[in-house]
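Read the structure below first, then the notes.
First the proteins, then the strands, lettered A, B, ... as listed; each starts at 1.
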Protein chains: 2
Amino acid sequence: MPKGQLKGICFHPSKETKCVTCSLSSLCLPISLNFEDIDQLDKIIKRRQPLKKGEHLFHQGDRFDCVYAVRSGSIKNYAMTNDGEEQITNFHLPSELVGLDGIDCETYPVSAKALETTAVCEIPFARLEELAKELPELRSQVLRIMSRELRDDKQMMMLLSKKNAEQRVATFLTNLSTRFKRRGYSPFTFRLPMSRNEIGNYLGLAVETVSRVFTRFQNSDLIAVNGKEVHILNMDDLSILAGLPDQEQKIPNETKIANEG
Amino acid sequence: MPKGQLKGICFHPSKETKCVTCSLSSLCLPISLNFEDIDQLDKIIKRRQPLKKGEHLFHQGDRFDCVYAVRSGSIKNYAMTNDGEEQITNFHLPSELVGLDGIDCETYPVSAKALETTAVCEIPFARLEELAKELPELRSQVLRIMSRELRDDKQMMMLLSKKNAEQRVATFLTNLSTRFKRRGYSPFTFRLPMSRNEIGNYLGLAVETVSRVFTRFQNSDLIAVNGKEVHILNMDDLSILAGLPDQEQKIPNETKIANEG
DNA sequence: AAAGTTTTTTGATGCATATCAGGTTTATCA
DNA sequence: TGATAAACCTGATATGCATCAAAAAACTTT
């Protein structure tokens with residue numbers, strides 16, 4: 001089916017979902033807002049025509065004025081390194097907020113590009129701040145979302161500085177799986193919206209290495225892959241390889257006091 | 001001089017700096033607050049006894065209730081990897097806020113430990129939120145600080161996934177230099193508050209590699225090192241090696257439209 | 001000041017992953 | 001539908017950095 005038609009068939013701006021009825025509301029900004037407040041939030045949100053694959057939401061250096069919530073599809077964030085190479089810093093799935101790192105310098109520090117046909121909610125930041133003035137719950141939700149992203153970033157740093165290729169790919173897959181699950185999709189069967197190249201770029205690995213690890217994982221019956229379709233066959237072992245997913249790792253308490261001084 | 005005495009000699013809780021008179025106020029939370037507002041902020045801040053080297057501000061997993069501003073000294077954040085290894089995720093210099101990544105799950109996701117005798121301002125988060133209700137400037141300052149940390153984290157990811165050992169160390173040194181400069185210290189001569197081991201851990205390198213790169217940098221007259229004392233002799237070349245510091249990198253605009261679709 | 005401990009440095013070796021090169025499959029488009 | 005390009009996989013080789021080892025220097029402690 002040609003992508004172009006999707007717009008006409010599936011997307012009716014007049015009938016577009018409101019926050020109240022949106023299936024993602026429990027993951028997105030509206031969490032813990034009451035109906036009235038959600039309605040207020042709804043009023044400042046613009047639903048734009050979906051982006052086609054490869055289209056940009058914004059470019060690195062553009063003036064920051066909106067944050068975006070992914071409604072369907074997926075977005076990658078990337079920056080250009082000094083030698084002109086692309087460096088992917090994030091992938092965003094539905095319900096996730098894009099662009100929060102632009103608040104400080106008032107320009108987006110990275111570009112955002114659709115990996116597939118992608119619908120977003122556009123949230124003018126100035127109006128969000130206005131609204132936050134009156135809605136304490138919205139305020140803390142924004143903080144929580146940013147705080148979570150900070151935490152995820154640290155996890156990513158740990159991946160990049162301590163994990164080997166297999167652990168990186170395993171972490172990547174289990175992480176995606178968890179996120180799909182929370183969004184109501186199967187945690188065991190999903191379609192990767194990004195290429196091997198993009199996975200490698202994100203994970204700090206060469207494409208070839210990603211490809212090889214995928215093959216090795218297949219040979220050990222951890223996963224079954226067909227192009228971008230992934231089946232996780234042995235989640236337990238994959239999670240162990242990943243080094244326990246994001247869930248709380250227990251901290252060895254023994255040395256807590258001993259270590260002081 | 002024994003560390004213990006510092007407390008008695010240098011730190012008088014009764015005479016402690018207020019935000020209004022604090023030399024760091026232009027870098028820290030009070031930015032863009034007026035005098036009255038700073039005073040309000042001041043009231044919720046507790047200045048604790050300075051931490052001695054090696055003491056913890058909080059441990060990974062502790063209940064999140066405060067964020068901290070470093071007043072003097074320095075703090076490292078670190079987490080334990082699954083195999084019990086330490087992974088340093090950040091170093092904090094005076095005026096920087098510690099603990100913001102705990103907002104979301106209400107426990108600190110990493111530990112915070114003093115690298116040297118360190119004074120902090122303790123800011124109860126609940127009260128900060130209270131205050132933010134009335135002070136829009138404070139609100140956006142918190143957002144800006146978190147947004148900046150997000151941006152820095154992405155920079156760190158790029159370092160970890162694309163830069164080689166020399167580029168990492170060069171980036172580390174120029175970054176420190178910039179931060180010292182903003183705080184009124186010399187950007188060319190400073191004392192590293194952390195060990196080679198900690199630098200390596202943070203940069204995803206072995207100690208030995210850090211040591212070797214330091215030696216190489218000395219041999220090429222980029223820096224002069226004596227233990228933890230560092231002199232930057234050739235900032236230009238060091239910056240080039242680092243791959244241009246954090247400042248805005250120009251984005252090649254040619255392909256902006258061409259890339260779409 | 002001496003003894004012990006930790007940190008730093010330097011050298012030799014090994015390995016995980018990058019890079020290069022080729023072939024194959026899958027997508028894109030006329 | 002076939003042509004062309006892009007993505008993916010696999011093998012061979014190269015290399016940057018980790019690891020191992022051991023000495024030197026810098027701190028601690030008594």
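Atom CG of B/Leu205 is separated from atom P of C/dT9 by 14 Å (rounded to the nearest Å). When rounded to the nearest whole Å, the span between CG of A/Leu203 and P of C/dT17 equals 12 Å. Nucleotide D/dC17 holds its C1' atom 14 Å from the NZ atom of A/Lys162, rounded to whole Å. A/Lys52 has its NZ atom 15 Å from the C1' atom of C/dT28, to the nearest Å. Nucleotide C/dA16 holds its P atom 12 Å from the CD atom of A/Gln167, rounded to whole Å. A straight line from CG of B/Asn164 to P of C/dT17 spans 18 Å, rounded to a whole angstrom.
With 3.5 Å as the limit, one finds a donor-acceptor pair spanning the side chains of B/His231 and B/Thr189.
Considering only residues two or more places apart in sequence or on other chains, B/Asn77 meets the side chain to side chain donor-acceptor pair (under 3.5 Å) condition with B/His92. With sequence neighbours left out, B/Ser211 forms a side chain to side chain donor-acceptor pair (under 3.5 Å) with no residue at all. Evaluation of the salt bridge (Lys or Arg N to Asp or Glu O under 4.0 Å) rule for B/Glu116 yields no partner, not counting sequence neighbours. With sequence neighbours excluded, no residue satisfies side chain to side chain donor-acceptor pair (under 3.5 Å) with B/Arg196. Not counting sequence neighbours, the partners of B/Ser95 by the side chain to side chain donor-acceptor pair (under 3.5 Å) test are B/Arg183. B/Glu122 meets the side chain to side chain contact (heavy atoms under 4.5 Å, CB included) test with B/Lys46, B/Arg48, B/Cys66, B/Tyr68; sequence neighbours excluded.
Between B/His56 and B/Tyr78, the ring planes lie tilted relative to each other; the angle falls in the 30° to 60° range. Between A/Tyr185 and A/Phe180, the ring planes lie perpendicular to each other; the angle is over 60°, past the 30° to 60° tilted range.
Of the possible polar contacts, none joining the A/Thr107 side chain to the A/Gly61 backbone as a donor-acceptor pair under 3.5 Å is found.
Across all strands, A/Ala206 comes closer than 4.0 Å to base atoms (heavy-atom distances). Among the protein residues, B/Gly200 comes within range of no part of the nucleic acid, since none of its heavy atoms lies under 4.0 Å from any strand.
Of the candidates A/Leu150, A/Asp153, A/Asp152, A/Leu150 is the only one forming a side chain to side chain contact (heavy atoms under 4.5 Å, CB included) with B/Asp101.
Residues from residues 214-224 of chain A with heavy atoms under 4.0 angstrom of DNA chain C: there are none. Taken residue by residue, residues 188-199 of chain A places heavy atoms nearer than 4.0 Å to DNA chain D at A/Ser195, A/Arg196, A/Asn197.
Under the 4.0 Å criterion applied to side-chain N and carboxylate O atoms, B/Lys113 and B/Glu86 are not assigned as salt-bridge partners.
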Could you walk me through whether B/Glu198 and B/Lys76 pass the salt bridge (Lys or Arg N to Asp or Glu O under 4.0 Å) check? CA-CA 9 Å; B/Glu198 288 167 322; B/Lys76 74 167 172 184; 2.8 Å; yes
Could you walk me through whether B/Glu149 and A/Lys154 pass the salt bridge (Lys or Arg N to Asp or Glu O under 4.0 Å) check? CA-CA 11 Å; B/Glu149 195 171 337; A/Lys154 311 296 175 182; 3.3 Å; yes
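One end of the helix from C/dA1-D/dT30 to C/dA21-D/dT10 points its axis 40° away from the other end's axis, with each axis taken from 5 pairs and the angle rounded to 10°.
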Report each atom pair, protein N/O against N/O of nucleotides 20-26 of chain C, whose distance is under 3.5 angstrom.
unit_1, atom_1, unit_2, atom_2, d
C/dC20, N4, A/Glu208, OE2, 3.1

Do any N or O atoms of the protein come closer than 3.5 Å to N or O atoms of nucleotides 4-6 of chain C, and which pairs are they?
none

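Listed by first and then second residue, the salt bridge (Lys or Arg N to Asp or Glu O under 4.0 Å) pairs involving residues 165-174 of chain A are A/Glu166-A/Arg216 (not counting sequence neighbours).
Heavy-atom contacts from other residues, nucleotides or ligands closer than 6.0 Å to NZ of B/Lys181 number 12 or fewer.
Between D/dA18 and B/Thr209, a contact under 4.0 Å exists linking OP1 or OP2 to a side-chain N or O.
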